Peer 1: 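To start, I am sharing the structure in question, which I have written as structure tokens.
Note that these values count all heavy atoms, side chains included, but never hydrogens, waters or copies made by symmetry. Naming: A, B, ... by sequence-line order, numbering from 1 per chain. Just so it is clear, the structure is predicted and the values come from calculations on it, not from any experiment.
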Number of protein chains: 2
Amino acid sequence: MNPIKQITQQLISLNIRPSFQRIKVLEYLIDHQTHPSADDIYKALVSTIPTLSKSTVYNTLELFIEKGLVKPLMIEENEALYDIILEQHGHFKCTSCGSIFNFDVSLTLPSDDTLLGFKIVDQNVCFKGICNKCLMNT
Amino acid sequence: MNPIKQITQQLISLNIRPSFQRIKVLEYLIDHQTHPSADDIYKALVSTIPTLSKSTVYNTLELFIEKGLVKPLMIEENEALYDIILEQHGHFKCTSCGSIFNFDVSLTLPSDDTLLGFKIVDQNVCFKGICNKCLMNT
DNA sequence: ATCATTGCAAACACTTTGCATACGC
DNA sequence: GCGTATGCAAAGTGTTTGCAATGAT
């Protein structure tokens, strides 16, 4: 089964009609796990789909979020980034070069009892600092 | 020493000229540790300072961030919230009632070595879920 | 007098909405 | 054919910018 077929199947299994645009957006997210913005995705796909509109990208991302396929990240102050959902992981943003790294994260629950009885659905961890590459260039 | 004097001193000690607007914004942040948005602050202060403009609120917040007095939070998808810096803590946002709670957080560093040699300057932890109050109302 | 701060309005950028067209079953 | 998806344009919203007026030392 070729990748496109596979992606199509994945969409169908989630009750998402596998339109060409949706397949391409999902394919992009799978191939580029680099926390792209809506605009990154749009710019990358508009050469393949010249008639593509941003609304469609936003619509598609929204749909993927609803279906639990994608998670929006609020790392940048001004725009949303999107992450295809794999295992739980944290993000590290280098404030020098702007790169965003994934890392395994194990959180020990709060030592106080503030969250006693709360239902935790989603855990976001984002560190900021300087990556070793940038540290070495200074 | 009354609170206003105290706030004035705090600003001066950080090399921030204690203008009336700045004092009021800082006073608001100290009195309302509820992660307000720029607009919340503006709306709350404009009755006391009728000529206040949003630019000033944004300017002031930006200045406070530079001076390490305030930290912007990207919890909401559309707007920035601001937190006066106390000790390190995580945030829990209830997706049902919208409340944001603080909690103590102890992070054990990543089990893999992705961040080996990185300089971590800032750690953000934000959980989402349902708070116990909302859980009980269902 | 000089320099910083303020406030207004306009500009910006990301995102959402309304609606007509086109597509797929 | 009918309901959904798409795409364009316009509107919306939070934030930033330019610049003149004001304020402080």
Side-chain angles (χ1 to χ4, degrees), chain A residues 4-5 7-9 11-12 14-28 35-67 69-83 98, chain B residues 4 7-8 11-12 14-28 35-67 69-83 98:
Chain A
I4 297 292
K5 269 261 157 68
I7 290 169
T8 308
Q9 284 311 315
L11 288 175
I12 291 172
L14 288 165
N15 274 310
I16 301 172
R17 273 213 211 159
S19 75
F20 185 60
Q21 288 83 340
R22 287 168 178 173
I23 291 170
K24 282 298 174 188
V25 170
L26 182 50
E27 185 187 32
Y28 183 88
H35 321 93
S37 67
D39 198 55
D40 291 335
I41 298 169
Y42 172 77
K43 285 215 200 82
L45 295 186
V46 77
S47 50
T48 328
I49 320 170
T51 63
L52 183 68
S53 89
K54 284 232 184 119
S55 325
T56 302
V57 175
Y58 281 111
N59 284 340
T60 303
L61 288 170
E62 188 56 36
L63 182 67
F64 286 178
I65 291 167
E66 274 168 33
K67 299 292 186 176
L69 204 57
V70 161
K71 179 170 156 177
L73 307 177
M74 300 310 296
I75 296 177
E76 303 294 332
E77 315 259 303
N78 48 341
E79 66 179 355
L81 305 182
Y82 299 89
D83 205 15
Chain B
I4 297 292
I7 289 168
T8 309
L11 288 175
I12 291 173
L14 288 166
N15 272 310
I16 299 172
R17 276 215 210 158
S19 75
F20 185 59
Q21 287 83 339
R22 286 168 178 172
I23 291 170
K24 282 298 175 187
V25 170
L26 182 50
E27 186 187 31
Y28 183 88
H35 320 92
S37 66
D39 197 54
D40 291 335
I41 299 169
Y42 172 77
K43 284 214 200 82
L45 295 185
V46 79
S47 50
T48 328
I49 319 170
T51 63
L52 182 68
S53 90
K54 282 231 185 122
S55 325
T56 302
V57 175
Y58 280 110
N59 284 341
T60 304
L61 288 169
E62 189 56 38
L63 183 66
F64 287 177
I65 291 167
E66 276 169 32
K67 300 292 185 176
L69 203 57
V70 161
K71 179 170 156 176
L73 307 177
M74 300 309 297
I75 296 177
E76 302 294 334
E77 314 259 303
N78 49 338
E79 67 180 354
L81 305 182
Y82 300 88
D83 205 13

Peer 1: Name all residues meeting the salt bridge (charged side-chain N to carboxylate O under 4.0 Å, His left out) criterion together with B/E76; count only those two or more places apart in sequence or in a different chain, and write none if there are none.
Peer 2: B/K93

Peer 1: For A/I49 and B/S55, take the nucleotide of DNA chain D holding the closest heavy atom to each; which residue's nucleotide lies nearer the 5' end?
Peer 2: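 Upstream on the strand: A/I49.
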
Peer 1: With sequence neighbours left out, what residues match A/K67 under salt bridge (charged side-chain N to carboxylate O under 4.0 Å, His left out)?
Peer 2: none

Peer 1: Let me know which of A/V57, A/V25, A/L61, A/D40 forms a side chain to side chain contact (heavy atoms under 4.5 Å, CB included) with A/Y82.
Peer 2: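 By the side chain to side chain contact (heavy atoms under 4.5 Å, CB included) criterion, A/Y82 pairs with just one of A/V57, A/V25, A/L61, A/D40: A/L61.
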
Peer 1: Evaluate the criterion side chain to side chain contact (heavy atoms under 4.5 Å, CB included) for residue pair B/I12 and B/R17; output intermediate values, then yes/no.
Peer 2: CA-CA 6 Å; B/I12 291 173; B/R17 276 215 210 158; over 6 Å; no

Peer 1: May I ask you to verify whether the side chain of A/S19 and the base of C/dC23 hold a donor-acceptor pair under 3.5 Å?
Peer 2: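 Under the 3.5 Å cut-off, the side chain and the base do not form any donor-acceptor pair.
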
Peer 1: Checking the side chain of A/T8 only, and the main-chain atoms of A/I4 only, is there a donor and an acceptor separated by less than 3.5 Å?
Peer 2: yes

Peer 1: Starting at atom CD of A/E79, determine the distance to atom C1' of C/dA13, rounded to an integer number of angstrom.
Peer 2: 9 Å

Peer 1: Taking C-beta and beyond as the side chain, do A/I41 and A/K24 meet within less than 4.5 Å on heavy atoms?
Peer 2: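 No, side chains not in contact.
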
Peer 1: Rounded to the Å, how far apart are B/R17 CZ and C/dC3 P?
Peer 2: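 After rounding, the gap between these two atoms is 11 Å.
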
Peer 1: Calculate the interatomic distance between B/I23 atom CD1 and C/dT6 atom C1'; express it in whole Å.
Peer 2: 15 Å

Peer 1: Does a side-chain N or O from A/Y58 land closer than 4.0 Å to OP1 or OP2 of C/dT16, or not?
Peer 2: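 Checking C/dT16 against A/Y58, no side-chain N or O comes under 4.0 Å of OP1 or OP2.
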
Peer 1: Can you measure A/I16 atom CD1 to C/dG24 atom P for me and round it to whole angstrom units?
Peer 2: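 To the nearest whole Å, that distance equals 18 Å.
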
Peer 1: Could you tell me the separation between the CD atom of B/E62 and the P atom of C/dT6, rounded to a whole number of Å?
Peer 2: 14 Å

Peer 1: Out of the candidates A/I7, A/T60, A/I16, only one should pair with A/I23 under the side chain to side chain contact (heavy atoms under 4.5 Å, CB included) rule; please name it.
Peer 2: A/I7

Peer 1: Whether A/Q21 contacts C/dC23 is assessed here as follows: a side-chain N or O lying under 4.0 Å from the phosphate OP1 or OP2. Is that the case?
Peer 2: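 It does not, given that no N or O in the side chain of A/Q21 lies less than 4.0 Å from OP1 or OP2 of C/dC23.
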
Peer 1: At a heavy-atom distance below 4.0 Å, which nucleotide of DNA chain D is the first touched by chain A, and which is the last?
Peer 2: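 That gives a stretch of D/dT4 to D/dA9.
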
Peer 1: Atom CG of A/L52 and atom C1' of C/dA22: how far apart are they, to the nearest Å?
Peer 2: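 Nearest whole value for this atom pair: 15 Å.
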
Peer 1: Can you tell me the distance, in whole Å, between the CZ atom of A/R22 and the P atom of C/dG24?
Peer 2: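 Spelled out: CZ on A/R22 to P on C/dG24 is 12 Å.
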
Peer 1: Round to the nearest Å and state the distance from B/N78 atom CG to C/dA13 atom P.
Peer 2: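 These atoms are roughly 19 Å apart.
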
